[in-house]
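Here the structure comes first, spelled out in structure tokens, and everything after it is commentary.
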Amino acid sequence: MDHFQLKNGILHAENVPLPRIAEEVGTPVYVYSRATLERHAQVFRDGIAPVGKSHIAFAIKSNPNRAVLRVLAKAGYGADVVSGGEISRAIAAGMKPDDVVFSGVGKTRAELEQALDTGIGQFNIELEEEGVVLAQIAAAKGMTAHATLRVNPDVDAGTHAKISTGKKENKFGVGIDQAPAIFDRLARLPGLKMHGVALHIGSQLFDLDPLAAAYARVGQLVADLRAMGHDVDRVDLGGGLGVPYKPSENPPSPADYGEMVARVTKGWDVTLMFEPGRVIVGNAGILLTRVIWVKPGVINPYVIVDAAMNDLARPAMYDAWHDFAAVQPNGQKMVANIAGPVCETGDTFAMGREIDAVASGDLAIFRTAGAYGATMASTYNSRPLVPEVMVDGDNYAVVADRIAAETILAAERIPDWLA
Ligand SMILES: *Cc1c(COP(=O)(O)O)cnc(C)c1O
């Protein structure tokens, strides 16, 4: 459930009519609902209640806006970060360093150092050499890095190939067969405290079975590590829960997920770490856009909107579906293609889709744009960087400015030798 609903025939975000935001901030613009964010944070927390000791680290990469992070920090969430920049964001948003988990296959030495100096709570180590270097840096500082070893359980998560991360040919984690030996060597290093293992098999998952299979493999690994004499007190189960992009879609709920986790991890006696991203923010955001033209086409008309692939990359990148709705629907429908102004055929949001009838100048939204939306935006075609707004009841605030093409131009230089 979200808070983007029709009231008196006009789409609102909570109590704010979207035309007001379009008028005052301009389009395209992302709009987030604080109430929806808070609700999703609570629903996920309630869902995993049956698992016992747990820690939730919001996957910042799905939506790194500082105001979004502040809402989640207030809800008691920590952060899963994948870069030095995301560490800075988590701290700037008010998350406690100890609640931050550092994931990622290419952490640089500078980032490891930054993370140690910040005092983050957990490093998810992706390869043995990273662990060795982390231990050296920590020991030289007289510190201890708290870590898990990320394993690749070799399961097919059944999602889009570009967001599948747990097959043996993927770049993430160490092979689960190599994990005991690597863990054993890392656990002996001064400067490093190995707490357990981590995994994350993919995103937008609609089937709990691959997750359950992966978790069961990790459960066996935990038993093997303990048999070798290691203490294991944490297992990081990653994120990945899917969200409905179409009304007909019915992904497992956080409650279904929590029930599965409780069943599979029964008796593990560890703190379970969770890294949800999309399921928290996906339906808490929309992209508000204005129709520039309705261009006659050979088969269907093209609805050309002022949002483009640089603002919302998912359709071009993953063939993703985002529901499209008129802000003031007149009850009529039309079959159309929806595209942005960018000079790429890939800048197409939908082909031959039945949508609310719209005309030049009308406002419309793409739904479920809160995750992997603004965070992937670029300025391709020298378009401004898309702004973000958060609504809170009757009020809203601009939580990220539109960065003008001129501002970006001003950061570029023509060297003297080209004068
Ligand atoms: C991307 C990512 C997540 C979040 O995935 P969602 O599908 O958004 O829940 C969690 N953990 C890691 C390591 C990731 O890379």
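Nothing fancy with the numbering, it's 1 onward along the sequence. These figures come from a predicted structure and were not determined experimentally. Whatever order the structure lists them in is the order used to number ligands and atoms, beginning at 1.
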Inset, instruction - Applying salt bridge (Lys or Arg N to Asp or Glu O under 4.0 Å), run through Glu113 and Lys141 and close with a yes or a no. - result: CA-CA 9 Å; Glu113 199 141 338; Lys141 289 178 183 286; 3.4 Å; yes

Inset, instruction - Please assess Asp311 against Arg383 for the test salt bridge (Lys or Arg N to Asp or Glu O under 4.0 Å), listing each intermediate value before the final yes or no. - result: CA-CA 9 Å; Asp311 305 304; Arg383 291 165 52 84; 2.8 Å; yes

Write out each pair where an N or O from ligand 1 and one from the protein are under 3.5 Å apart, with the distance.
{"unit_1": "ligand 1", "atom_1": "7 (O)", "unit_2": "Ser203", "atom_2": "OG", "d": "2.3"}
{"unit_1": "ligand 1", "atom_1": "7 (O)", "unit_2": "Gly240", "atom_2": "N", "d": "3.4"}
{"unit_1": "ligand 1", "atom_1": "8 (O)", "unit_2": "Arg278", "atom_2": "N", "d": "2.8"}
{"unit_1": "ligand 1", "atom_1": "8 (O)", "unit_2": "Tyr372", "atom_2": "OH", "d": "2.6"}
{"unit_1": "ligand 1", "atom_1": "9 (O)", "unit_2": "Gly240", "atom_2": "N", "d": "2.8"}
{"unit_1": "ligand 1", "atom_1": "9 (O)", "unit_2": "Gly277", "atom_2": "N", "d": "3.0"}
{"unit_1": "ligand 1", "atom_1": "11 (N)", "unit_2": "Asp80", "atom_2": "OD2", "d": "3.4"}
{"unit_1": "ligand 1", "atom_1": "11 (N)", "unit_2": "Glu275", "atom_2": "OE1", "d": "2.6"}
{"unit_1": "ligand 1", "atom_1": "15 (O)", "unit_2": "Lys61", "atom_2": "NZ", "d": "2.7"}

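By the neighbour-count criterion of 12 heavy atoms within 6.0 Å, atom CD of Glu23 is sparsely surrounded, having that number or fewer from other residues, nucleotides or ligands.
Between Glu38 and Arg34 there is a salt bridge, with a side-chain nitrogen of the basic residue lying less than 4.0 Å from a carboxylate oxygen of the acidic one. Of the charged side-chain nitrogens involved, at least one lies within less than 4.0 Å of a carboxylate oxygen, so that Glu24 and Arg20 count as a salt-bridged pair.
A donor-acceptor contact shorter than 3.5 Å is absent between the side chain of Arg278 and the backbone of Gly242.
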